[in-house]
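Read through the structure below, which is laid out as structure tokens, and then see the notes.
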Amino acid sequence: MQNFTFYSPTYFMFGKDTENRAGELVKRFGGSKVLIVYGGGSVVRSGLLDRVKKSLEAEDLSFLELGGVKPNPRSGLVYEGIDLSKKESVDFVLAVGGGSTIDTSKAIAAGVLYDGNFWDFYSGKRIEKALPVGTILTIAAAGSEGSPDSVITNENGMYKRGASGDAIRPRFSILNPALTQTLPPYQTAAGITDILAHLHERYLTNTKDVEVTDRLIEGLMLTMIHEAPRVIADPDNYEARANIMWAGMMAHNNSCGVGRTQDWNSHNIEHELSALYDCAHGAGLAVTMPAVFKYVYKHDVMRFAKLAVRVWGCQMDFDDPEATALAGIRALENFLRSIGMPLTFAEIGAKEEDIPKLVQTLCYGDGRKGSISGFVTLNEEDCTNIYRLML
Ligand code: NZQ
Ligand code: ZN
């Protein structure tokens with residue numbers, strides 16, 4: 001196991017009706033003037049936004065609102081939020097929504113305390129300070145409620161990049177599984193896929209002897225495989241929603257990724273797809289992951305075979321471990337299909353003729369030098385071949 005530090009100071013409040021305690025938590029974590037950030041309207045329609053505002057009013061907190069965050073959130077609204085927060089002397093950013101809303105809130109929180117262009121953080125500069133951020137999560141997916149990351153699409157070129165820093169880990173996150181019951185089935189499935197991707201991207205490591213994190217990841221994957229069909233069949237299944245919601249947090253706050261190298265090639269390859277075609281991030285990952293895995297599994301056949309046996313219940317073929325590894329990847333594909341996810345380029349509106357453009361931005365955008373690295377290093381030719389596997 002490699003040396004590591006792990007600092008995850010987010011205060012989680014989990015369960016039914018917990019959104020009504022938002023005001024109390026904002027106060028506890030030092031907020032007095034709050035910017036409430038939300039998306040395209042689901043929190044207005046469900047009445048959640050009103051409940052949150054009431055809870056802030058009950059604590060005599062003043063607030064203003066910034067709605068309109070789009071999935072695959074754009075840089076434009078971040079600039080708007082930074083200007084507004086500076087003008088109004090906001091001291092706390094409260095995200096009410098999914099990963100896109102939370103990531104926009106984190107970007108605003110970092111940008112307010114920075115003199116330069118906030119995009120510097122998305123071009124490699126680490127975030128060292130930010131206004132405090134709180135979240136009220138409405139979809140189990142990105143894991144941003146517990147992560148030190150934020151992902152934004154630059155409208156000047158439509159490419160997506162991430163920024164990181166413990167300063168943008170939420171001070172608190174409210175997780176009420178009942179809030180996810182209004183999700184359309186496709187979004188529920190996309191969220192499940194994203195959670196599985198966060199687990200796979202940590203499982204694919206070159207570090208030896210990391211049994212504790214391997215086993216945590218396997219446990220979380222098994223949970224997702226068990227709960228996903230239950231929630232797809234019955235969207236109001238609170239217990240299944242609850243298990244998925246906590247697994248989504250665990251999958252991405254890095255408690256199961258410490259002390260090991262991680263992959264993230266699938267995420268990087270996917271980010272070009274959701275930036276260009278505006279597909280759901282999880283749907284893009286459903287198309288991307290099997291292609292990447294088929295391309296790289298020979299790098300460590302036994303790691304893929306272990307996953308196939310321990311998680312997908314495949315029989316180990318000691319004479320032909322490659323067959324076991326491939327059976328595991330096929331089981332993943334079948335699972336993704338069974339929850340309604342796409343597996344091909346066409347299904348997410350991606351086009352074969354765009355592959356050179358996708359590869360160019362992927363391998364050269366924002367200071368990259370012709371390749372991306374993770375479980376294996378992938379050059380332009382590899383990335384082209386991987387996109388072609390998705391056709
Ligand atoms: O905008 P509204 O109207 O709220 O609708 C949203 C949106 O259309 C809807 N939705 C959310 N909760 C709902 C609901 N509809 C009905 N009922 C509810 N309870 O779902 C749609 C998707 O929302 P979004 O916030 O985009 O989803 P998600 O949480 O999957 O976030 C995806 C974004 O997170 C980034 C992705 O790249 C993508 O941009 N990621 C962020 C990470 C991080 N910060 O750590 C890591 C991830 O790997 C990921 O890259
Ligand atoms: Zn993701």
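Atoms within a ligand are numbered from 1 in the order they appear, just like the ligands themselves. Start at 1 with the first residue, then count along the sequence. Worth saying up front: this structure is predicted, and the values here are computed from it rather than measured.
- A salt bridge is defined here as a Lys NZ or Arg NE, NH1 or NH2 lying under 4.0 Å from an Asp or Glu carboxylate O, and K160 with E272 fails to meet this definition.
- Judged as a salt bridge (Lys or Arg N to Asp or Glu O under 4.0 Å), the pairs with a partner in residues 295-307 (not counting sequence neighbours) are, in order, E211-K306, D214-R303, D214-K306.
- Distance check for atom 33 (C) of ligand 1: a protein heavy atom is found below 4.0 Å.
- For atom 39 (O) of ligand 1, the nearest non-hydrogen atom of the protein is K160 NZ, 3.1 Å.
- A salt bridge is defined here as a Lys NZ or Arg NE, NH1 or NH2 lying under 4.0 Å from an Asp or Glu carboxylate O, and E227 with R241 fails to meet this definition.
- When heavy-atom distances to ligand 1 are checked against a 4.0 Å cut-off, V43 has no atom that comes that close, whether in backbone or side chain.
- Of all heavy-atom pairs between R171 and A130, the closest is NH2-O, 4.3 Å.
- Side-chain contact check for Q181 versus Y238: some heavy-atom pair is nearer than 4.5 Å.
- Of the listed options D103, L183, I139, L183 places a heavy atom closest to atom 13 (C) of ligand 1.
- With salt bridges taken as basic N to acidic carboxylate O contacts below 4.0 Å, none links E24 and K27.
- Considering only non-hydrogen protein atoms, atom 49 (C) of ligand 1 sits nearest to H281 NE2, 3.3 Å.
- The environment of CZ in R51 is crowded: more than 12 heavy-atom neighbours from other residues, nucleotides or ligands sit within 6.0 Å.
- With respect to atom 47 (C) of ligand 1, the closest heavy atom belonging to the protein is H198 NE2, 3.3 Å.
- Atoms of ligand 1 lying under 4.0 Å from any heavy atom of A141, numbered from 1 in the order shown and given with element: 29 (O), 30 (O).
- For ligand 1, the atoms sitting less than 4.0 Å from at least one non-hydrogen atom of H252 are 45 (O), 46 (C), numbered in the order shown with element in parentheses.
- Smallest separation of non-hydrogen atoms from P73 and T104: CB-OG1, 3.3 Å.
- Of all the heavy atoms of S100, the ones lying under 4.0 Å from any atom of ligand 1 are found in both the backbone and the side chain.
- For the atom pair CG (N379) and CD1 (I372), the distance works out to 10.0 Å, reported to the nearest 0.5 Å.
- Using a 4.0 Å cut-off between a side-chain N of Lys or Arg and a carboxylate O of Asp or Glu, E218 and R215 qualify as a salt bridge.
- For atom 17 (N) of ligand 1, the closest heavy atom belonging to the protein is T182 OG1, 2.8 Å.
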Exercise. Would F92 and F29 count as a ring pair (Phe, Tyr, Trp, His ring centres under 6.0 Å) if you check the C-alpha gap in whole Å, the side-chain angles of each, and the deciding distance to 0.1 Å?
Worked result: CA-CA 9 Å; F92 198 98; F29 289 95; 7.7 Å; no
Distance-only criterion, 3.5 Å: show the donor-acceptor pairs between side-chain atoms of residues 9-17 and protein atoms not counting sequence neighbours.
from: T10; atom 1: OG1; to: P170; atom 2: O; distance (Å): 2.7
from: Y11; atom 1: OH; to: R28; atom 2: NH1; distance (Å): 3.3

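- Using a 4.0 Å cut-off between heavy atoms, H271 contacts ligand 1 through its side chain alone, with no backbone atom that close.
- Between K294 and E333, at least one side-chain N (NZ, or NE/NH1/NH2) sits under 4.0 Å from a carboxylate O, which counts as a salt bridge.
- Looking at H267 against ligand 1, only its side chain comes within 4.0 Å, counting heavy atoms.
- Protein atoms that are N, O or S and lie under 2.8 Å from the Zn ion (ligand 2) are these: D194 OD1, H198 NE2, H267 NE2, H281 NE2.
- For ligand 1, the polar-atom distance check against G40 finds a nitrogen or oxygen pair separated by under 3.5 Å.
- Applying the side-chain hydrogen bond (donor to acceptor under 3.5 Å, both in side chains) test to every pair with at least one member in residues 349-359, sequence neighbours left out, gives these pairs: Y277-D354, E352-R388.
- Distance remark: protein heavy atom not present below 4.0 angstrom from atom 23 (O) of ligand 1.
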Exercise. When you look at D278 and R74, which way does the salt bridge (charged side-chain N to carboxylate O under 4.0 Å, His left out) test go after all the steps?
Worked result: CA-CA 11 Å; D278 212 11; R74 315 293 152 89; 3.1 Å; yes
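- Taking any N or O of P71, backbone or side chain, none lies under 3.5 Å from an N or O belonging to ligand 1.
- At under 3.5 Å, a nitrogen or oxygen of T138, whether backbone or side chain, sits near a nitrogen or oxygen of ligand 1.
- By the criterion of a heavy-atom distance under 4.0 Å, both the backbone and the side chain of D149 are placed next to ligand 1.
- Of all the heavy atoms of S147, the ones lying under 4.0 Å from any atom of ligand 1 belong exclusively to the side chain.
- In this structure, SG on C279 lies 11.5 Å from CD on E347, to the nearest 0.5 angstrom.
- Protein heavy atom at the shortest distance from atom 6 (C) of ligand 1 is S42 OG, 4.6 Å.
- Every N/O-N/O distance between T101 and ligand 1 stays at or above 3.5 Å.
- Looking at P73, G39, G99, G68 and measuring to atom 29 (O) of ligand 1, the nearest heavy atom belongs to G99.
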